[in-house]
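Scroll down for the structure; my scribbles are underneath it.
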Amino acid sequence: MEAKPVVTRIAPSPTGHLHIGTARTALINYLYARHHGGTFIVRSEDTDRARSTKEFETEILAGLEWLGLEADQFYRQSDRTSIYKNHLEALIENGTAYVSREPSKQDPAVEVEVVRLKNQNKIITFTDLVRGDISFDTTELGDFVIARSLTDPLYHFTVVVDDFLSEVTHVIRGEDHISNTPRQILIQEAIGAQRPDYVHLPLILAPDRSKLSKRHGAVALREYQNEGFLPEAVVNYLALLGWSAGGAQEVFSLTELTKLFTLDHIQKGGAVFDIEKFKWFNREHIRRMSDAELIDAVRDFVPVEYRGTDADTNAVIARLIPLIRERTYTLKEVADGISDGEYSFAFAEPDYDTSLLKWKKDPDVSLALPRLKRAMELISLLPEMPTADEVRSALWDYAESEGRGEVLWPLRVALSGRAQSADPFTLIAVLGREKAKQRITVACAKIEG
RNA sequence: GGCCCUAUCGUCUAGAGGCUAGGACGCGGCCCUCUCACGGCCGAAACCGGGGUUCAAUUCCCCGUAGGGUCACCA
């Protein structure tokens, strides 16, 4: 039997920001379609005209694109009213649906006409590819409403019509849709649509194991974007929430995930969203980016007041790259570090108390003075923009003979103004020879009073 | 509450009848070291409970228990 080409879809409703759970569902649909050489459709479910906005639609589409989940096809339900109308009319004509006059739910004083599906009141059993057979007695559903009017169809109806017309083969969605499935199957049978395969993904949970919501922090992809998470890391982490690649490897690119993805390792139970592990993935992907990519990504996070020309800013970032790779989990941390933290030394003159220059084993700060002066002489011999290794070889023998802490501590403080920072060799490599000498001079002056 | 789904370290997971139950994040210790960070090594940490089936159950079945989802003229 020849299998039909795989068609999957993500069907976001433009009534809010792109939710992290929607992003994950989109990713899984994308991976499954791409893995099988199939088609991935994005469908905007904007039948609720009161709540849907163009702005949300734009944001959602931009979010999916940012993640790299490009669609083969895009359409919106508000453009297809006549299609739904035709199907509704056909159902009414053959008696599987009917128009009912009844009091409005919003305003019981008003009488409205709605379209209801004639329920066969039977047991529906469908197969979920990861959970097995699931049965529902649809009697309790009654003759449910499928449209407010011929031109105002409701979610369950539009979903079924669109999936049918788009020849969707696999409906992959959140677990919260399990209970929607029987009523959608009822509609499928009414319009004569073939039943797709179903896959219900475990939900993404908050740390308290309840449904992830704003109450628990960020749920919009946008917020993680602003925090400085890379799309590669989002994709990687989200893929591994509720699914595993099987082996020990955890860091993957979208391309690798596409190759590896199968339904086999989809988890059945909900998965708690762990921001710590997410950050770890982000750092791993920061480390894997090329210098040029990382500079581009970081530049947007440099606070405006610290930006020079693009070329200047790029040059500073370029020298900061090793530090960023070593100690940054999110790009927002770079922004914070520049404003007031471990990266501020590169953008502003340090401000510190003279006593900080005193090495812990010294009785008095004045002992730092000759060491700083000697270090400065050695630094003067360096090229204008030395590498950290060059600085190290220039200073190492002296530091060894005098005592590393005795030399390196005050030097590091003079350059960074902080008790905790990267080593002085790296600092000088970032600042350059002249800037370093100037700061050491300032430190000496402070000691001399 | 009805219906439905689920259940391995704190978290994400590997395991698919017989393993000292493995890995990762986080956590603790040690090492490296001028401080921080990185890195390396080591460590603590789990099969929800009870019945079956079986020579043997974390693994298969049933019942509890717990958690979650869903009950719209939203999607």
Side-chain angles (χ1 to χ4, degrees), chain A residues 11-16 22 45-48 50-52 77 100 102-107 112-116 128 130-132 134-141 144-149 152-156 158-159 173-183 200 202-203 205 207-211 237 240-251 264-265 267-281 283-284 287 322-323 325-329 341-342 356 359-361 399 403-413 416 418-426:
Chain A
S13 178
T15 54
T22 309
E45 307 222 314
D46 55 351
T47 52
D48 186 337
R51 293 199 300 143
S52 300
Q77 294 186 321
S100 163
E102 49 193 82
S104 164
K105 271 271 164 68
Q106 288 90 38
D107 183 1
V112 293
E113 282 189 338
V114 294
V115 182
R116 289 184 179 272
D128 182 296
V130 324
R131 289 161 206 272
I134 300 174
S135 292
F136 282 90
D137 183 350
T138 60
T139 307
E140 59 195 78
L141 267 29
F144 56 91
V145 176
I146 56 175
R148 288 194 195 92
S149 73
D152 203 356
L154 258 21
Y155 166 70
H156 290 295
T158 57
V159 164
R173 60 198 347 183
E175 187 185 357
D176 48 342
H177 284 284
I178 290 180
S179 54
N180 286 333
T181 308
R183 95 179 64 205
H200 288 98
L203 259 24
L205 272 26
D208 65 359
R209 301 205 78 87
S210 68
K211 197 177 182 179
Y237 181 60
L240 264 38
L241 252 194
W243 175 78
S244 79
Q249 188 184 340
E250 291 200 272
V251 181
D264 304 337
H265 288 276
Q267 212 70 17
K268 298 195 195 79
V272 172
F273 187 86
D274 180 6
I275 192 72
E276 294 304 322
K277 185 140 191 184
F278 189 14
K279 284 182 182 175
W280 177 80
F281 274 108
R283 194 194 66 180
E284 292 302 308
R287 290 181 171 187
L323 270 73
R325 280 223 171 80
E326 171 184 284
R327 52 186 79 207
T328 296
Y329 285 81
E342 56 191 346
L356 193 59
W359 172 235
K360 61 185 174 187
K361 291 177 184 167
R404 291 180 203 163
E406 281 77 354
V407 175
L408 270 15
W409 175 273
L411 184 55
R412 202 171 51 67
V413 170
S416 71
R418 303 174 65 84
Q420 300 172 348
S421 78
D423 62 74
F425 317 120
T426 305

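Throughout, protein chains are lettered first and strands after them, A, B, ... in sequence-line order, and every chain is numbered starting at 1.
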For A:Tyr155, check ring-ring contact (aromatic ring centres under 6.0 Å, His included) against everything at least two apart and list the hits.
-> none

In Watson-Crick or G-U wobble terms, with both distances under 3.5 Å, the base opposite B:rG64 is B:rC48

Using only heavy-atom distances, determine whether the side chains of A:Asp107 and A:Ser104 contain a donor-acceptor pair under 3.5 Å.
-> no

Residue-phosphate contact under 4.0 Å: A:Thr15 side-chain N/O, B:rC74 OP1/OP2 = no

Would you check if there is a donor-acceptor pair between the side chains of A:Arg283 and A:Thr328 at a distance under 3.5 Å?
-> no

Give me the distances for all protein-to-nucleotides 58-67 of chain B N/O pairs that come in under 3.5 Å?
none

Qualifying residues under ring-ring contact (aromatic ring centres under 6.0 Å, His included), relative to A:Tyr237, sequence neighbours excluded = A:Phe273, A:Phe278, A:Phe281

Only counting residues at least two apart or in another chain, list the ones meeting side chain to side chain contact (heavy atoms under 4.5 Å, CB included) with A:Thr47.
-> A:Gln77, A:Thr158

Taking only side-chain nitrogens and oxygens of A:Gln267, does any of them come within less than 4.0 Å of OP1 or OP2 of B:rA14?
-> yes

By the Watson-Crick or G-U definition, both distances under 3.5 Å, B:rC27 is matched with B:rG43

Excluding sequence neighbours, so at least two apart, what forms side chain to side chain contact (heavy atoms under 4.5 Å, CB included) with A:Ala11?
-> A:Arg9, A:Arg43, A:Glu45

Is the distance from OP1 or OP2 of B:rC3 to the nearest side-chain N or O of A:Ser179 less than 4.0 Å?
-> no

With the threshold set at 4.0 Å, does a side-chain nitrogen-carboxylate oxygen contact exist between A:Glu342 and A:Arg327?
-> yes

Any chance you could list the contact pattern along nucleotides 33-46 of chain B? Use B for base contacts, S for sugar-phosphate-only contacts and - for none, protein heavy atoms under 4.0 Å, 5' to 3'.
-> SBBBBSS-------

Looking at every strand, decide which applies to A:Ser149 at a 4.0 Å heavy-atom threshold: base, sugar-phosphate, or nothing.
-> nothing

Scan A:Gly242 against the nucleic acid and name what it touches under 4.0 Å (heavy atoms): base, sugar-phosphate only, or nothing.
-> sugar-phosphate

Winner on side-chain proximity to A:Lys211, out of B:rU70, B:rC12, B:rU6, is B:rU70

Using a 4.0 Å heavy-atom cut-off across all strands, classify A:His265 as base, sugar-phosphate, or nothing.
-> sugar-phosphate

Is the base of B:rA75 touched by the side chain of A:Asp46 through a donor-acceptor pair closer than 3.5 angstrom?
-> no

B:rU54 versus B:rC62 - spacing of their C1' atoms, nearest Å = 16 Å

Do A:Lys277 and B:rA24 share a donor-acceptor pair, side chain to base, under 3.5 Å?
-> yes

Among the candidates B:rA75, B:rA14, B:rC4, find the nucleotide nearest to the side-chain atoms of A:Ser244.
-> B:rA14

